Each structure stands twice: as structure tokens, then as C-alpha cells.
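To keep things clear, I will list the structure first and then write my remarks on it.
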Amino acid sequence: MLTPLTAATGVLAWPGSYVLLLPKAGPVLQRPRISRALGRRAVTTTHRFHHRLGRQPMSSPTPDTVTVNGDRLWQSLMALAEIGAYDDERTGLRGVDRLALTDADAAGRRLVIGWMEEAGLAVRVDRMGNIYGRREGTDPTAPPVLTGSHIDSVATAGAFDGCLGVLGGIEVVRTLNERGITTRRPIEVGVFTEEEGVRFGTDMLGSAVAAGRLTLEYAHALTDRDGRTLGGELARTGFDGPVDVRLDPPYAYVECHIEQGPVLAENDVEIGVVTAVQGISWQEITVHGRAAHAGTTPTHLRADAGLAAAQIVVHLRALVDSGDYGDLRATVGHLMVHPDLTNIVPARAEMTVDLRNPDDVQMARAEEALASFLRDLEDSRPGLSLSVRRMARTAYVPFDEGVRKVIARAADDHGLDHISLLSGAGHDAQEIAALCPTAMIFVRGEYDGISHNPREYSTPEACAHGVDVLATTLLRLADQD
């Protein structure tokens, strides 16, 4: 359980944890716009949103704000965090390892489906394993308002990444049911398959197929490192659903997510209104060299794949540090040499490269600079060859101004300060944005907003405030004509 230890230190931590100051990283901050405005400004922004969607403003009064049951939301988060939980030896914390379509992910999915059904949602599963729970509206023919995220994780996760958006959506439905609130439009809660991309090599996979950017056949044929196909794992876990994967365009999509960065904390605000998601490029590089004896092979005769891989890592950092490619970020998250023995010069090195950039032109320039370096590296040493495979590539995706204004007004009406910021991480929202007006709500994290780490933590109050904003936003969107 994620139990705050505050009695002696006033610092939130998990049992057995220690507090560590970590390097700061995360979303790219745009010019802060802290807002407490109400009244005329809020009415104007609502009118603009309707105008953007070709609708007229509602003649009825603006719906009340909705406050969810924060304790129940927290209990749901902690219960799901126990599925795939492990004790992290390095940090002494309780982490989560729930890779997509593993037995742990399947167990988490079944738990979430049970909660959806208890909340009265009609559940369907598509051929990608994406799960949707539908709360009917008074006009069942109207396109629904969609919310959601994912519950698959990386191997060293915390309890909140993706899960807050899914469980927050279910909590919104519970609250609407308890208050007897009906909406004109249906509200749906989605759980997308393999958002992280760490098992099958393509991130935002389920939502990308649902939105039509990737084909079902391509996705089903993807393999993990053990050679298992995604299609086979869907069948094995029982989540190869019968429903067509292509999603009919919703009226709007809103995703609530932890920030995964330090910006909200640094600006001492609770809510982020996300303007866009930066571009992402994933590549797999394989370096082929020549195995040789570590003691008898002269250095000038070696074709050392491990050395070449290290040179690539250093060059990527040089590209970033040069400042010539805008706000570029580069990461080698996987590196393995073969035969991986102490006294043998590596014959092969396998590595992944993750590039992020909010400017598509600068991203393309960085990719070409890397490609040029790889060509030069290959020519520099006899016996050395390189191959590159594209894993994933998504462009900069701006979010809808009208939906962002509805979110901002909801935060104002809940008395929560907010800023606008760009997401440094990829999200399902960037895929669904191809289908309908879309935006995101960011929730503040602790410990510099660290994520993909057992230390990932948002307070119960921060989670509840974020889902309060989500609830009010969904209600107002779902009552639009």
C-alpha cells in the first residue's frame, strides 16, 4: 500500500522509503498563465468552444461543479496497484510491473471491468483488447464524450501512470450515479492496450489502431522479446474481443493523467491544462561487429560492437547539448551486447533510441544528424555494419482550444490554480485527437514529478482535485447540444 509517512517528517513517502532529490525532467513549460478568472471570461470561452464545434451555447444554466469521492478513488488506485506489485530492492519501495497482456495486466483488466459493471457501465472489448464502458445519455444517438487512459505499465512503475485516468473516469460515473445526474450525451470510459509500448515495441498502440493510424494486422503481428505475438497474447488472456477496433468519432475526449514532470510543483499549482504532446521517435539500432579474444586481439584489429554502441550514446548526448536541434531529448533505454561474456569482444550490440522534440522540423534534423553519424561510424571501421529499424514515430499533436477552455473553466470553478503546459510524454490522447476535439488534465506529482519509477507519487488530494476537474468537464461537455 502507498501509505504516507508524514508524522515525523511532513514528507509523503512509501513504507521503507527514503527521500531523494532527483534531476529535474519532464514537460516543456510554456509561459505560465495562472488563472482565477470567473464570470464574463468563463462565459466567453464556453461560447467559443461551441462556435468551434459548430454548435450554439446552451440556453440552460451552466451545470454545477462535481466533486468526486476522493477516498474511494484512492482506494481504487491502491487496490489496482497491488496487481503486479513487487518490492523494489534499489529503492525499498513498492513498485508495479504490469506489462501489457501479461497475466498481471489481464488480472488488472478483469478488476477494472468488474468496477465498470458495478457502476452500471455497459462494457465492450474490441479486437485490440481496448475496453470501453458506456453510461447511456438521454440521447443515445449522440456521439459520446470519451475519457480514459491505460493500465499497462513499464517494469518499474508506480501506481498512477495511466491508472488515474481510467479509475478517475469510473469514479466520475459513480458520482454522477449517486447524485442522480443524467447527461444528454453518453459518457464512455476507455482502457487502451499497450500504451507504454515496452513489451511490443510501439507505444500508444491500442489507441493508434482505434484511431486508424496503424492497422490491426500490423499490431497483431508485433512480437515481444520472447517471440510472442500481440495477437496471440490477446487470445491467451481472453481479451481478443469481438467488437470492430475502429472507433466511431466521439464528441470529445478528455484524459486525466499525472504530469510525470516537475512543472506544476515548481509553479505551485495543482492543475495543468495540456496544450499539446511533443513529437516522439523510437528506433532500434543493431551494430554488427566481430567476436574476438579479449587478450590476444590487438586493438587496431577489433570490430568492437560494444564500443560502437557507446559512441552512439555519447553522440546522442552531444546532439542534445549542442542546442542545434531545439528542445531535443535523447535516451538509450535498452542496450545489450552479445555474446555478453567477460573475455570476448562484443560481436553484436542491440540498442534503442528515444528522441523527443516539440518541433517537427527540428526532430527531422536530429534524426538525419543521427543517421549521418551512423553512416560515418559504419565506414570508420572494417568489419562493422549497422542496421536501423523504425519502432514508432508520432508528430507534434496540438490539443483543441475549446476543450482546453472548458477544462480551465472547470478548474476555476473548483478554485484550483492552473497553468498551460506541453506534455513531454506520449499519451493515448494524441491518437484520439485525430478523431475528435481532445485535451488533457495534468495532476501534480511529488519528488520532482518522477515517473516510470516506484517513487512516482501524487497525493490523495492532488488526485481527487484532478478528477474533480475531469468530472465537471465531462458533465459540461456531455450536456452540450
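Model, not experiment: these values are computed from the prediction.
Rounding to the nearest 0.5 angstrom, the gap separating the CG atom in D71 from the CD atom in E171 is 9.5 Å. Expressed to the nearest 0.5 Å, how far OG1 of T183 lies from CG of L474 amounts to 9.5 Å. Note that OG1 of T182 is 9.5 Å distant from CG of L475, once rounded to the nearest 0.5 Å. Between atom CG of residue D468 and atom CG of residue D413 there is a gap of 12.0 Å, rounded to the nearest 0.5 Å. Between T394 atom OG1 and I280 atom CD1 the span is 4.0 Å, to the nearest 0.5 Å. Note that the CG atom of D64 and the CD1 atom of I181 stand 7.5 Å from one another [nearest 0.5 Å].
Side-chain contact, H414 with T472: a donor N or O sits under 3.5 Å from an acceptor N or O. Inspection of the D88 and T91 side chains reveals an N or O donor paired with an N or O acceptor under 3.5 Å. Counted by atom type alone, S149 and E255 present one or more donor-acceptor pairs between their side chains at under 3.5 Å.
Between A81 and A159 the shortest heavy-atom distance is CB-CB, 3.6 Å. Summarising the geometry of T473 relative to V469, their closest heavy-atom pair is OG1-O, 2.7 Å, with the distance given to 0.1 Å. Closest approach of D360 and A395 over heavy atoms only: OD2-CB, 3.6 Å. When all heavy atoms of G190 and L146 are compared, the closest pair comes out as N-CD1, 4.0 Å. The minimum heavy-atom distance linking V189 with M116 is given by the pair O-CE, 3.5 Å. The two residues L477 and A252 make their nearest non-hydrogen contact at CD1-CB, 4.1 Å.
Counting only residues at least two apart or on different chains, the salt bridge (Lys or Arg N to Asp or Glu O under 4.0 Å) pairs with a member in residues 120-131 are R124-E188. Pairs engaging residues 225-234 under the side-chain hydrogen bond (donor to acceptor under 3.5 Å, both in side chains) rule: R199-E233, R225-H334, D226-R228, E233-R236 [sequence neighbours left out].
When the side chain to side chain contact (heavy atoms under 4.5 Å, CB included) test is applied to A265, the partners found at least two apart in sequence or on another chain are R444. Residues forming a salt bridge (Lys or Arg N to Asp or Glu O under 4.0 Å) with D87 (at least two apart in sequence, or on another chain): R94. Applying the salt bridge (Lys or Arg N to Asp or Glu O under 4.0 Å) test to E136 and every residue at least two apart in sequence or in another chain returns R134. Partners of R390 under the salt bridge (Lys or Arg N to Asp or Glu O under 4.0 Å) rule, at least two apart in sequence or in another chain, are E367. A search for side chain to side chain donor-acceptor pair (under 3.5 Å) contacts involving S153 returns nothing, not counting sequence neighbours. With sequence neighbours excluded, no residue forms a salt bridge (Lys or Arg N to Asp or Glu O under 4.0 Å) with E270. Taking the side chain to side chain donor-acceptor pair (under 3.5 Å) definition, one finds that D161 meets it with H150, H257, Q260, H452, sequence neighbours left out. Listed by chain and residue number, D354 satisfy the side chain to side chain donor-acceptor pair (under 3.5 Å) test with W282 (two or more places apart in sequence, or in another chain). By the side chain to side chain donor-acceptor pair (under 3.5 Å) test, N357 is found to be paired with no residue, residues two or more places apart in sequence or in another chain being considered.
The main-chain N or O of T193 is never found under 3.5 Å from a side-chain atom of D152 such that the two would form a donor-acceptor pair. Distance alone, capped at 3.5 Å, places no donor-acceptor pair between the E217 side chain and the A221 backbone. Judged by distance alone, with hydrogens and angles left aside, the side-chain atoms of D240 form no donor-acceptor pair with the main-chain N or O of M128 at under 3.5 Å. A donor-acceptor pair is defined here as one N or O able to donate and one able to accept, closer than 3.5 Å; no such pair exists between the side chain of T286 and the backbone of E350. Under the 3.5 Å distance criterion, the side-chain polar atoms of R389 are left unmatched by any main-chain donor or acceptor of Q283.
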Exercise. Going through the distances and angles, do V209 and T215 end up as a side-chain contact (heavy atoms from CB on, under 4.5 Å)?
Worked result: CA-CA 6 Å; V209 178; T215 67; over 6 Å; no

Problem set entry | Working for side-chain contact (heavy atoms from CB on, under 4.5 Å), residues I151 and R109 | CA-CA 8 Å; I151 68 164; R109 286 163 166 262; 4.0 Å; yes

For this session: Just do the side-chain contact (heavy atoms from CB on, under 4.5 Å) check on M204 and E196 with the steps written out, would you?
Result: CA-CA 6 Å; M204 286 78 71; E196 295 291 359; over 6 Å; no

For this session: Mind running side-chain contact (heavy atoms from CB on, under 4.5 Å) on R135 and L176 for me, showing each step along the way?
Result: CA-CA 10 Å; R135 183 183 195 260; L176 296 180; 3.7 Å; yes

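Residues Y218 and T202 meet the side-chain proximity criterion, which asks for heavy atoms closer than 4.5 Å. Side-chain contact between L80 and V96 is absent, with no heavy atoms from C-beta onward closer than 4.5 Å. A heavy-atom distance below 4.5 Å is not found between the side chains of V66 and V172. Using a 4.5 Å cut-off on side-chain heavy atoms (C-beta onward), L205 and L222 make contact. Between V123 and E117, the closest side-chain pair of non-hydrogen atoms falls below 4.5 Å. At a threshold of 4.5 Å between non-hydrogen side-chain atoms, the residues C163 and R98 count as touching. Side-chain contact check for L316 versus L355: some heavy-atom pair is nearer than 4.5 Å. A 4.5 Å side-chain heavy-atom check between W115 and S76 finds at least one atom pair inside the cut-off.
More than 12 heavy atoms of other residues, nucleotides or ligands sit less than 6.0 Å from atom CD of E178.
Between W74 and F160, the two ring planes are tilted [angle within 30° to 60°].
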Could you tabulate the donor-acceptor pairs under 3.5 Å formed by side-chain atoms of residues 431-442, not counting sequence neighbours?
from	atom 1	to	atom 2	distance (Å)
E431	OE1	R213	NE	3.0
E431	OE2	R213	NE	3.1
E431	OE2	R213	NH2	2.8
T438	OG1	C436	O	2.9

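Ion pairing between a basic and an acidic side chain is recognised when a charged N comes within 4.0 Å of a carboxylate O; E401 and R404 show no such pairing. Ion pair D139/R184 flagged as a salt bridge, since at least one NZ, NE, NH1 or NH2 atom sits closer than 4.0 Å to an Asp/Glu carboxylate oxygen.
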